[in-house]
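Keep in mind that this is a model prediction, so the values were computed, not measured.
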Amino acid sequence: MSIDNSETLKLFLFDDNLNKKMEHLYKKQIKDSNHVFQNIDLAKDNNSVYLLSKSYSEDVKNKDDGGKYQFEITKFTQNKEETKSFDIKNHFIGSLKSIVFNKKIVCIGFYSDSKENKFKGVSYFEIDPNNLEINLSKFNPFTEQFIIDKYGTVKDKELVDLNFKNILITPENDIILNAEESYATSSASGGGYGGAGFGGVNMGGVSGRLYFGGIYGETFNHFDDIVSVKLTLKAI
């Protein structure tokens with residue numbers, strides 16, 4: 001919601017018995033920066049909440065290289081709010097997902113060296129949950145073997161159309177990131193006379209049909225490869 005030209009989020013935290021533990025109003029001035037909320041996590045002690053957001057601020061809009069934005073992690077407790085930002089340097093990251101485990105906050109996403117809708121590898125940020133300091137940041141490119149398996153030969157090429165699905169943690173505290181290659185294409189053909197109409201359903205395959213002025217077109221949803229990336233923390 002918007003209050004006094006601010007982006008505003010009202011946060012509530014309840015215990016297992018639905019007793020309210022926290023109520024907090026989080027405000028950011030729109031004139032200072034625009035925010036895109038990424039996701040929210042609960043600390044293991046159930047007393048702190050972490051909010052991850054993408055910030056388009058004056059501080060980074062004049063960068064020469066990489067995405068003109070930064071990410072912010074905000075920690076909420078009963079009587080305190082604390083925010084730290086972290087830069088992505090000369091890379092591009094469409095979005096990040098955070099997860100709290102093993103006494104740390106980990107933010108993970110795909111990154112590119114050219115633009116937001118391409119993917120060169122996996123970005124990894126490890127954050128101290130107490131003071132929100134960045135303990136580790138790495139950008140891990142996809143392996144050469146992965147590119148060979150994908151394209152049949154080694155190419156200086158980044159992936160496209162990857163859509164994030166979920167993050168899994170193994171018993172050994174390794175991280176598995178799952179994504180799906182999905183996109184839409186359309187086709188059109190001529191013939192007939194006049195008329196207009198729209199129909200079709202968005203369920204697997206054909207997502208829509210359009211007929212206008214003798215032109216008939218269809219849009220197709222494609223669901224191709226599944227990509228699973230395992231991050232072994234000892235190797236990060």
Query raised in the report: How far apart are the C-alpha atoms of Ile127 and Phe86, what are their side-chain angles, what is the distance that settles it, and do they pass the side-chain contact (heavy atoms from CB on, under 4.5 Å) test?
Result: CA-CA 10 Å; Ile127 302 172; Phe86 51 100; 4.0 Å; yes
Report summary line: All heavy atoms of Ile226 vs all of Glu180, minimum pair found to be CD1-CG, 3.7 Å
Query raised in the report: Any side-chain heavy atom of Leu51 within less than 4.5 Å of one from Leu9?
Result: yes
**Report entry** Rounded distance (nearest 0.5 Å) linking atom CG of Asp16 with atom CG of Asn46
**Finding:** 7.0 Å
**Report entry** Partner residues of Lys103 under the side-chain contact (heavy atoms from CB on, under 4.5 Å) criterion, sequence neighbours left out
**Finding:** none
Query raised in the report: From Thr143 OG1 over to Asp149 CG, what is the distance, rounded to the nearest 0.5 angstrom?
Result: 7.5 Å
Query raised in the report: Does Lys120 reach the side chain of Tyr111, with side-chain heavy atoms less than 4.5 Å apart?
Result: yes
**Report entry** Gln38 backbone acceptor or donor facing Lys54 side chain under 3.5 Å
**Finding:** no
Query - Set of residues satisfying side-chain contact (heavy atoms from CB on, under 4.5 Å) with respect to Leu18, sequence neighbours excluded - result: none
**Report entry** Counterpart residues, side-chain contact (heavy atoms from CB on, under 4.5 Å), relative to Val122 (two or more places apart)
**Finding:** Ile108, Phe110, Phe142, Leu177, Val229, Leu231
Requested in this report: Take atom NZ of Lys230 as the centre, draw a 6.0 Å sphere, and report whether it contains more than 12 heavy atoms from other residues, nucleotides or ligands.
Outcome: no
Query raised in the report: Could you state the interatomic distance from CG (Leu162) to OG (Ser112), rounded to the nearest 0.5 Å?
Result: 11.0 Å
Query raised in the report: For the hydrophobic clusters of this structure (ILVMFWY residues joined by side-chain heavy atoms under 4.5 Å, transitively), does one cluster hold both Tyr69 and Val36?
Result: yes
Report summary line: Residues Phe101 and Lys44: closest non-hydrogen pair is CA-CE, 4.0 Å
Query raised in the report: How would you list, by chain and number, every residue that makes a side-chain contact (heavy atoms from CB on, under 4.5 Å) with Asn163, sequence neighbours excluded?
Result: Ser182
Requested in this report: Report the residues that fulfil salt bridge (charged side-chain N to carboxylate O under 4.0 Å, His left out) with Glu81, sequence neighbours left out, ordered by chain and then residue number.
Outcome: none
Query raised in the report: Quick one: does Tyr124's side chain get under 4.5 Å of Ile175's, heavy atoms only?
Result: yes
**Report entry** Lys10 and Thr8, any side-chain heavy atoms less than 4.5 Å apart
**Finding:** no
Report summary line: Distance col, row Glu218:CD vs Thr185:OG1, nearest 0.5 angstrom, shows 10.0 Å
Report task. Using modelled atom types only, decide if a donor and an acceptor are shared between the side chain of Lys84 and the backbone of Asn131 within a distance under 3.5 Å. Result -> yes
Query raised in the report: Do the side chains of Phe37 and Leu11 join up, straight or via other hydrophobic residues, at under 4.5 Å, putting them in one cluster?
Result: yes
Report task. Locate the shortest heavy-atom distance separating Tyr50 from Pro129; write the atom from each residue and the value. Result -> OH-O, 3.0 Å
Report task. Begin from the C-alpha positions of Glu82 and Leu132 and carry the test side-chain contact (heavy atoms from CB on, under 4.5 Å) through to its verdict. Result -> CA-CA 8 Å; Glu82 181 181 5; Leu132 303 184; 4.1 Å; yes
Requested in this report: Apply side-chain hydrogen bond (donor to acceptor under 3.5 Å, both in side chains) to Thr83 and Thr74, showing your working.
Outcome: CA-CA 4 Å; Thr83 298; Thr74 300; 2.8 Å; yes
Query raised in the report: Does Lys80 count as lying over the ring of Phe76, i.e. NZ or CZ under 6.0 Å from the six-ring centre, within 45 degrees of the axis?
Result: no
Report summary line: Closest non-hydrogen contact found for Thr77 with His24 is O-ND1, 4.4 Å
Query raised in the report: Between Leu13 and Leu42, is any pair of side-chain heavy atoms under 4.5 Å apart?
Result: yes
Report task. List the atom of Lys21, the atom of Asp15, and the distance in Å for their closest heavy-atom pair. Result -> CD-CB, 3.7 Å
Report summary line: To the nearest 0.5 Å, atom NZ of Lys138 lies from atom OG of Ser123 at 12.5 Å
Query raised in the report: What distance do Asn178 atom CG and Phe164 atom CZ have between them, rounded to the nearest 0.5 Å?
Result: 8.0 Å
Listing, residues 88-99 side-chain donor-acceptor contacts under 3.5 Å, not counting sequence neighbours, or none:
| unit_1 | atom_1 | unit_2 | atom_2 | d |
| --- | --- | --- | --- | --- |
| His91 | ND1 | Asp113 | OD1 | 2.6 |
| Ser98 | OG | Asn39 | OD1 | 3.3 |
| Ser98 | OG | Asn39 | ND2 | 3.0 |
| Ser98 | OG | Asp41 | OD2 | 2.4 |

